[in-house]
Number of protein chains: 2
Amino acid sequence: MEVQPLIDHLSRYVTLSDVEISLLKSRITFRKYPRNQFVVQQGDICRHESFVVSGCLRTYHIDRQGNEHIIMFAVEDWWTSDLGSFISQTPANYNVQCLEPTLLIQFSQENLETLYQEIPVLERFFRIILQRAYVAADKRIIQNFSLTAKERYLEFRNQYPQIEQRVPQYMIASYLGITKEFLSKIRHQLMTE
Amino acid sequence: MEVQPLIDHLSRYVTLSDVEISLLKSRITFRKYPRNQFVVQQGDICRHESFVVSGCLRTYHIDRQGNEHIIMFAVEDWWTSDLGSFISQTPANYNVQCLEPTLLIQFSQENLETLYQEIPVLERFFRIILQRAYVAADKRIIQNFSLTAKERYLEFRNQYPQIEQRVPQYMIASYLGITKEFLSKIRHQLMTE
DNA sequence: GAGGAATATTAATCTAGTTTAATGTTTCTT
DNA sequence: AAGAAACATTAAACTAGATTAATATTCCTC
């Protein structure tokens with residue numbers, strides 16, 4: 001059924017035989033979430049790695065003072081989960097919440113381990129995914145250190161134009177690490193110059 | 001010779017036979033660096049993953065405005081490199097510099113690939129290392145968002161007491177993402193309260 | 001042990017971004 | 001179509017941390 005986007009996605013990185021594809025299909029789960037529902041909640045153990053077939057999600061952390069900080073968004077063709085929690089099966093630092101009705105393809109730890117045996121190139125594929133996540137996290141550390149809020153906003157808009165249209169501004173502010181009021185000010189500045 | 005610290009370190013995560021250990025020994029390189037020398041330079045491709053036998057290093061990024069930002073320190077028993085660059089053999093975002101005379105055990109890409117074939121559990125080991133690096137990067141993003149400079153300093157002091165003694169304060173300030181003057185102020189505050 | 005380099009402190013002024021609070025606008029629901 | 005909820009803007013007062021610049025202190029090195 002809706003598995004094609006995943007197959008296409010995998011095919012961009014590794015080559016799979018027909019047998020491997022049916023094997024894969026037998027070990028995945030489709031799950032439909034309504035708007036606002038949580039795929040992972042902070043404190044729970046993240047049981048799945050999820051591929052987004054359709055919809056939009058945010059990953060955020062609630063700090064000691066109760067403030068939300070959005071770490072990433074995910075839309076069609078992206079992976080989402082609390083990777084740290086999934087990997088080491090420890091309590092999640094993040095909430096993963098659907099911002100739209102969302103369809104996910106999910107891989108449980110156990111099924112993924114089995115698949116690694118059955119389809120060795122998947123190991124390679126998920127190592128690539130982990131590496132990309134690491135590099136992205138790394139890049140964000142640098143950007144938060146070295147760019148102003150305005151520069152980060154422009155960078156975001158430039159890199160994720162699709163996302164800016166789909167999520168409310170106060171969430172983008174949270175992603176950028178600033179208040180919604182200040183983002184509003186920045187946008188005003190950008191428009192009147 | 002000085003390989004024991006590495007063996008001990010590996011043994012904490014995986015079990016190696018004597019045969020595997022000699023195999024390992026044959027595929028590593030020792031390298032001694034004097035103070036201030038660079039193990040990796042921003043823009044170069046990072047050719048090795050390095051285990052610190054003795055000494056102390058910093059990893060830092062120079063941004064567009066020419067400001068330095070320290071991303072991490074490494075001392076005995078730690079791994080260091082520009083992981084993003086090493087993994088994907090792309091130009092490094094970071095400089096890795098010795099702050100003391102330093103002895104490293106280095107793994108080249110090719111030797112590491114060979115070792116993965118020869119000693120499969122090493123694949124597991126380095127996946128764990130990558131995961132830890134990812135989780136650490138992740139944690140830092142959260143901390144930089146949600147803690148004040150003072151809180152981050154206390155956190156650092158608490159988590160890396162050994163390092164605070166070994167590196168100059170202005171580098172700690174850079175690691176915390178603040179100026180040396182402001183760190184000085186924080187320290188003053190902490191002492192007089 | 002003197003002199004210079006590197007490191008650290010202090011204090012005044014400045015600014016990017018926050019807070020608070022009020023007002024406006026859009027979107028959802030019935 | 002009205003009312004309520006969610007989202008966005010504006011502006012004034014405030015603060016964490018930067019910048020600048022001068023002075024101390026520590027640490028090499030000859």
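So you know, we letter chains A, B, ... as the sequences are listed, proteins then strands, and number each from 1. Only a predicted model underlies this, so the values are computations on that prediction, with no experimental measurement involved.
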Visitor: Is A:H188 near enough to D:dT9 that one of its side-chain N or O atoms lies under 4.0 angstrom from OP1 or OP2?
Guide: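 No, no such contact exists.
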Visitor: Using 4.0 Å as the upper bound for N to carboxylate O, is an ion pair formed by A:E123 and B:R124?
Guide: no
Visitor: Identify whether A:I129 and A:I71 are in the same connected component of the hydrophobic contact network (ILVMFWY, side-chain heavy atoms under 4.5 Å).
Guide: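 No; tracing contacts between hydrophobic side chains, which count when under 4.5 Å, never links both residues.
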Visitor: Please list, one pair per line, the donor and acceptor atoms closer than 3.5 Å that link side chains of residues 1-10 of chain B to other protein atoms, with sequence neighbours excluded.
Guide:
| residue | atom | partner | partner atom | Å |
| --- | --- | --- | --- | --- |
| B:Q4 | NE2 | B:D8 | OD1 | 2.9 |
| B:H9 | NE2 | B:W79 | NE1 | 2.9 |

Visitor: Closest nucleotide of DNA chain D for A:S184 versus for B:I186: which of these residues is on the 5' side?
Guide: A:S184
Visitor: Send over the distance from B:L176 CG to D:dA16 C1', rounded to a whole Å.
Guide: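 Result: 15 Å.
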Visitor: Assign each of B:K180 and A:G177 to its nearest nucleotide of DNA chain C by heavy atoms, then name whichever residue's nucleotide is nearer the 5' end.
Guide: B:K180
Visitor: To the nearest angstrom, how far is A:R187 atom CZ from D:dC7 atom P?
Guide: 15 Å
Visitor: Between atom CG in B:L99 and atom C1' in C:dT7, what is the gap in whole Å?
Guide: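 B:L99 atom CG is separated from C:dT7 atom C1' by 14 Å.
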Visitor: When you compare the side chains of B:Q169 and B:K180, does any donor N or O come within less than 3.5 Å of an acceptor on the partner?
Guide: no
Visitor: I want to know whether A:Y94 and A:Y60 have ring centres closer than 6.0 Å.
Guide: no
Visitor: Using whole Å, what does the distance between atom C1' of nucleotide D:dA12 and atom CZ of A:F182 come to?
Guide: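 Rounded to whole Å, this separation is 15 Å.
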Visitor: Do the side chains of A:R58 and A:E68 get close enough for a salt bridge, i.e. N-O under 4.0 angstrom?
Guide: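 Salt bridge: yes.
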Visitor: List in numerical order all residues of residues 156-172 of chain B for which some heavy atom is under 4.0 Å away from an atom belonging to DNA chain C.
Guide: B:P168, B:Q169, B:Y170
Visitor: With respect to the phosphate group of D:dA18, does any side-chain polar atom (N or O) of B:T179 fall under 4.0 Å of OP1 or OP2?
Guide: yes
Visitor: Nearest-Å distance, CG (B:N144) to P (C:dG17)?
Guide: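 Taking CG of B:N144 and P of C:dG17, I get 15 Å after rounding.
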Visitor: A:E181 CD to D:dA12 P: how many Å, rounded?
Guide: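 Taking atom P of D:dA12 as the reference, CD of A:E181 is at 15 Å.
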Visitor: In whole angstroms, how far is the P atom of C:dT9 from the NZ atom of B:K185?
Guide: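 After rounding, the gap between these two atoms is 14 Å.
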Visitor: Verify the ring-centre separation between A:F125 and A:Y13: is it less than 6.0 angstrom?
Guide: yes
Visitor: At how many degrees, to 10°, do the end axes of the helix from C:dG1-D:dC30 to C:dT30-D:dA1 meet when each uses five pairs?
Guide: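 Axis angle across the helix from C:dG1-D:dC30 to C:dT30-D:dA1, nearest 10°: 50°.
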Visitor: Whole-Å distance between D:dC7 P and A:L183 CG?
Guide: 14 Å
Visitor: Taking the side chain as every heavy atom from C-beta outward, state whether B:V52 and B:V75 have any atom pair closer than 4.5 Å.
Guide: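 With C-beta onward as the side chain, the pair stays apart.
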Visitor: I want to know whether B:Y175 and B:F73 have ring centres closer than 6.0 Å.
Guide: yes
